[in-house]
Amino acid sequence: MSDVRVRFSPAPTGYLHVGGARSALFNWLYARHTGGTFILRIEDTDTDRSSDHLIEAIYDSMRWLGLDWDEEYRQTDRADQHLAFANQLLVDGKAYRCDCTRDALDARIAARGDAAGSGYDSFCRDRDVQPGDGVVVRFRTPDEGITGWDDVIRGRVEFENSVLEDFIIVRSNGTPMFHVANAFDDADMGITHVVRGEDLVNTTPRVLLLRQAMGHPEPPVYAHLPLIVNEQRKKLSKRRDDVAVGDYRAKGYLPEAMRNYLITLGWGPRDGEEIASIDRFIEQFELSDINNSPAFFDVKKLDHFNAEYIRAMPLEEFTALTIDLRPETVPADLYERMAPFVQQRLKHIDAEEIAPLMEWMVGPAPEPSDKDWKKVMGKDGVASVLALVADRLTVVEWSPEALEACVFGVGEELNAKTQLPVRMAVTGSRTGFPLFEPMAELDRDEVVARVRAALAKVEAA
RNA sequence: GCCCCGUUCGUCUAGCGGCCUAGGACGCUGGCUUCUCAUGCCAGUAGCACGGGUUCAAAUCCCGUACGGGGUGCCA
């Protein structure tokens with residue numbers, strides 16, 4: 001085992017969404033690639049918005065994607081240590097108490113003529129505020145100098161310390177905030193590589209400063225991943241975009257397909273094979289190969305991946321996975337015989353995609369649209385084809401092979417194409433399964449009746 | 001406003017100074033698989049944001065511009 005230690009640290013304030021899943025995945029890939037340790041750290045310091053239910057949901061989505069973790073922590077279990085760290089900063093004079101309200105700060109900002117929303121102005125730095133209601137602890141950021149790091153993905157990133165405001169490290173309710181918990185835990189847990197979304201770059205100098213104050217000046221390796229964006233090129237948001245991993249699961253995406261698709265967002269395998277086994281990806285994965293521009297989450301391409309994975313499944317596995325999704329009127333043995341045809345046509349593991357493929361086999365054929373009907377049945381000679389097929393069907397041997405020979409035989413005799421009119425008559429559709437196998441599953445009388453009904457409709461037109 | 005980041009086909013990517021008349025994938029279009037659809041195969045479509053440098057040589061390095069995004073919470 002190598003000494004690489006990485007972590008995925010979601011805040012359980014929502015379901016795991018595709019952006020978080022991709023971060024988790026890249027951390028996991030790197031850990032597995034290096035033989036290191038993958039840690040799941042639940043950052044639930046915002047107790048008001050975190051919930052056990054959401055933590056469970058995150059576990060669930062991670063397991064579904066096959067992302068297993070080696071160690072697990074919850075930051076609320078470590079709050080005492082975070083607080084002790086914050087208090088030490090207070091003792092050392094690296095932090096101070098502040099009782100400014102947002103309103104008071106805004107008033108000062110307005111009085112100075114600064115832009116609304118400007119950062120904290122260090123008002124309480126030397127006021128020696130005592131503990132009490134509405135009092136927070138702020139970190140004293142340096143007034144000069146530069147805080148920066150060499151990002152594996154972005155290169156050198158630097159911030160002027162002067163633009164860093166004295167940020168809050170302990171809330172007025174006494175709980176430590178994200179930065180302290182994050183900085184402390186990364187150092188304490190010996191995290192060697194921090195792989196996370198680009199939306200966190202701005203917090204990095206704060207964490208770095210905190211580490212220095214803690215006596216851990218040597219930073220981990222940072223890799224800030226490009227964001228996953230929607231069609232408006234904006235960061236995927238839980239509110240406006242439908243992006244929870246669980247939703248994709250519910251929509252019938254295979255975890256392997258989802259995981260494989262996510263891998264291609266911001267990274268490409270060196271061998272160019274974008275659909276491959278997870279082992280191939282683990283083998284090739286390097287942080288330095290991750291690109292730095294945002295990636296659009298393209299459901300069309302995801303669908304393609306999903307369809308590929310569905311088709312690649314062993315038939316028995318596919319059948320077992322989908323058999324309970326068949327229309328309830330379809331007997332299990334019939335479904336098993338039709339499963340190969342279903343597998344070839346499915347984009348999602350979804351009952352609603354399966355139903356239209358086979359409902360005509362167990363109930364009346366659907367009414368085709370006028371447009372489709374005319375396109376197929378409006379051709380010259382269709383009536384004679386249907387008439388002859390209907391007659392032959394009453395006596396032909398009832399097997400797929402014999403049915404095919406019969407229907408095509410009529411075509412040769414009449415010098416016409418027969419498959420489409422017969423299909424339309426029997427299935428009510430121009431598209432679908434190969435005709436003769438399922439047709440042989442129906443009763444002879446039913447099929448003959450459907451062909452005769454179609455014939456009557458053609459003649460009436 | 002301030003800070004940070006980004007820009008190769010519509011989309012995801014390859015490309016790390018000559019192999020690039022820019023490759024692959026999705027999508028779309030067309031064709032072929034002795035008569036559906038799907039699959040498979042073949043073909044086509046379309047791109048280095050712009051302007052300056054550096055260099056014998058730039059998609060690749062530097063600077064600027066434009067555009068886009070992220071952050072700017074007692075969220076993470």
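By convention in this document, chain letters (A, B, ...) are assigned in the order of the sequence lines, proteins followed by strands, and residues within each chain are numbered from 1.
- OP1 or OP2 of B:rC12 has at least one side-chain nitrogen or oxygen of A:Arg233 nearer than 4.0 Å.
- Rounding to whole angstrom units, CZ of residue A:Phe433 and P of B:rC35 are separated by 22 Å.
- In this structure B:rA14 sits in no base pair that meets the Watson-Crick or G-U test at under 3.5 Å.
- Heavy atoms of A:Gln75 sit nowhere under 4.0 angstrom from any nucleic acid atom.
- An OP1 or OP2 oxygen of B:rG71 is reached within less than 4.0 angstrom by a side-chain nitrogen or oxygen of A:Lys235.
- In the set B:rU39, B:rG27, B:rC37, B:rC37 carries the atom at the smallest distance from any side-chain atom of A:Thr431.
- Between the C1' atoms of B:rA46 and B:rG30, the separation comes to 16 Å (whole Å).
- A:Gly411 comes within contact range of no nucleotide atom at all, as no heavy-atom separation falls under 4.0 Å.
- Among the atoms of the strands shown, none is found under 4.0 Å from any heavy atom of A:Phe297.
- The CD1-P distance, from A:Ile290 to B:rA14, rounds to 11 Å in whole Å.
- Remark: C1' of B:rU8 and CZ of A:Phe296 are 18 Å apart, rounded to the nearest angstrom.
- Among the heavy atoms of the strands lying under 4.0 Å from A:Gly432 is at least one base atom, whether or not backbone atoms are also near.
- Both distances falling under 3.5 Å, in either a Watson-Crick or a G-U wobble arrangement, occur for no nucleotide opposite B:rC19.
- Nucleotide B:rU54 has no partner under the Watson-Crick or G-U criteria, as no pair reaches both atom distances under 3.5 Å.
- In this entry the distance linking CG of A:Leu225 with C1' of B:rG71 reads 17 Å, nearest Å.
- A donor-acceptor pair shorter than 3.5 Å can be found between the side chains of A:Glu353 and A:His348.
- In this structure, of B:rC35, B:rA38, B:rC74, it is B:rA38 that holds the atom nearest to the side chain of A:Gln344.
- Between the CG atom of A:Leu200 and the P atom of B:rC75 there is a distance of 16 Å, given to the nearest Å.
- Within the 4.0 angstrom heavy-atom criterion, base atoms lie near A:Pro434.
- Within the 4.0 Å cut-off from OP1 or OP2 of B:rU7, at least one side-chain nitrogen or oxygen of A:Asn292 is found.
- A close approach under 4.0 Å does occur between a side-chain nitrogen or oxygen of A:Asn291 and OP1 or OP2 of B:rU13.
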Walk me through it: do A:Asn306 and A:Lys347 pass the test side chain to side chain contact (heavy atoms under 4.5 Å, CB included)? CA-CA 6 Å; A:Asn306 204 46; A:Lys347 275 197 155 51; 5.8 Å; no
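- Among the nucleotides B:rA76, B:rU72, B:rG40, the one closest to the side chain of A:Glu43 is B:rA76.
- Between A:Phe285 and A:Trp267, the ring planes lie tilted relative to each other; the angle falls in the 30° to 60° range.
- When Watson-Crick and G-U wobble pairs are counted only if both distances are under 3.5 Å, B:rC75 pairs with no nucleotide at all.
- In this structure, the CD atom of A:Glu353 is 14 Å from the P atom of B:rA38, given to the nearest Å.
- Toward the 5' end of RNA chain B, the nearer of the two residues A:Gln232 and A:Pro10, judged by each one's closest nucleotide, is A:Gln232.
- Using a 4.0 Å cut-off between charged nitrogen and carboxylate oxygen, A:Arg326 and A:Glu359 do not count as a salt-bridge pair.
- B:rC32 is paired with B:rG40 under the Watson-Crick or G-U wobble criterion, all donor-acceptor distances under 3.5 Å.
- Nucleotide B:rA46 forms no Watson-Crick or G-U wobble pair with any nucleotide shown, as no partner meets the under 3.5 Å limit on both distances.
- For A:Thr264, taking side-chain heavy atoms from C-beta onward, the closest of the listed nucleotides B:rG27, B:rU36, B:rC12 is B:rC12.
- Nucleotides B:rG40 and B:rC4 place their C1' atoms 48 Å apart, quoted to the nearest Å.
- With respect to A:Asp186 and A:Arg41, a salt bridge is recorded, a charged nitrogen being found less than 4.0 Å from a carboxylate O.
- The listed nucleotides are B:rC35, B:rC74, B:rU36; the one nearest the side chain of A:Val136 is B:rC74.
- Residue A:Lys300 places no side-chain atom within donor-acceptor reach of the base of B:rC26, judged by atom type and a 3.5 Å distance cut-off alone.
- At the phosphate of B:rA76, OP1 or OP2 sits under 4.0 Å from a side-chain N or O atom of A:Thr45.
- Using cut-offs of 30° and 60° on the angle between ring planes, the pair A:Phe433 and A:Phe341 is tilted.
- Taking the C1' atom of each, B:rA59 and B:rU8 are spaced 7 Å apart, rounded to whole Å.
- Checking B:rC35, B:rG6, B:rG27 against the side-chain heavy atoms of A:His304 singles out B:rG27 as nearest.
- Here B:rA76 is the nucleotide among B:rU36, B:rA76, B:rC5 with the atom lying nearest to any side-chain atom of A:Ala11.
- When distances are taken from the side chain of A:Asn202 to each of B:rC4, B:rC35, B:rU11, the shortest belongs to B:rC4.
- For B:rG15, neither phosphate oxygen OP1 nor OP2 lies less than 4.0 angstrom from any side-chain nitrogen or oxygen of A:Arg270.
- Considering only side-chain atoms of A:Val157, the nucleotide from B:rU11, B:rC5, B:rA38 that sits closest is B:rC5.
- Within the 4.0 angstrom heavy-atom criterion, no nucleotide atom of any strand lies near A:Glu160.
- Residue A:Lys234 places at least one side-chain N or O under 4.0 Å from the OP1 or OP2 atom of B:rG69.
- As judged by a 4.0 angstrom heavy-atom cut-off over every strand, A:Met424 is placed among residues making no nucleic acid contact.
- Of the C1' atoms belonging to B:rA38 and B:rU33, the separation is 13 Å, rounded to the nearest Å.
- Here A:Thr175 lies out of heavy-atom contact (under 4.0 Å) with every strand.
- Nucleotides B:rU60 and B:rC50 place their P atoms 10 Å apart, quoted to the nearest Å.
- Paired with A:Tyr253 under the rule ring-ring contact (aromatic ring centres under 6.0 Å, His included), one option of A:Phe305, A:Tyr248, A:Tyr309, A:Tyr261 passes, and it is A:Tyr248.
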Check against ring-ring contact (aromatic ring centres under 6.0 Å, His included), A:Tyr15 and A:His53: CA-CA 10 Å; A:Tyr15 294 106; A:His53 158 250; 5.8 Å; yes
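- B:rU34 atom P lies 16 Å from atom CG of A:Leu420, rounded to whole Å.
- Within the nucleic acid shown, A:Arg430 comes within 4.0 Å of at least one base atom, counting heavy atoms only.
- Rounded to a whole Å, the CZ atom of A:Arg206 is 12 Å from the P atom of B:rC75.
- Using atom C1' as the reference point in both B:rG71 and B:rU65, the two lie 23 Å apart (nearest Å).
- No side-chain N or O of A:Asn292 forms a donor-acceptor pair with one of A:His224 less than 3.5 Å apart.
- A gap of 12 Å separates the C1' atoms of B:rG24 and B:rG15, to the nearest Å.
- For A:Ala295, the listed nucleotide lying nearest its side chain is B:rC12; candidates were B:rG6, B:rG71, B:rC12.
- Salt-bridge check for A:Arg125 with A:Asp143: passed, with a basic side-chain N closer than 4.0 Å to an acidic carboxylate O.
- We find that the ring of A:Phe408 and the base of B:rC35 stack, their centres lying under 5.5 angstrom apart and their planes tilted less than 30°.
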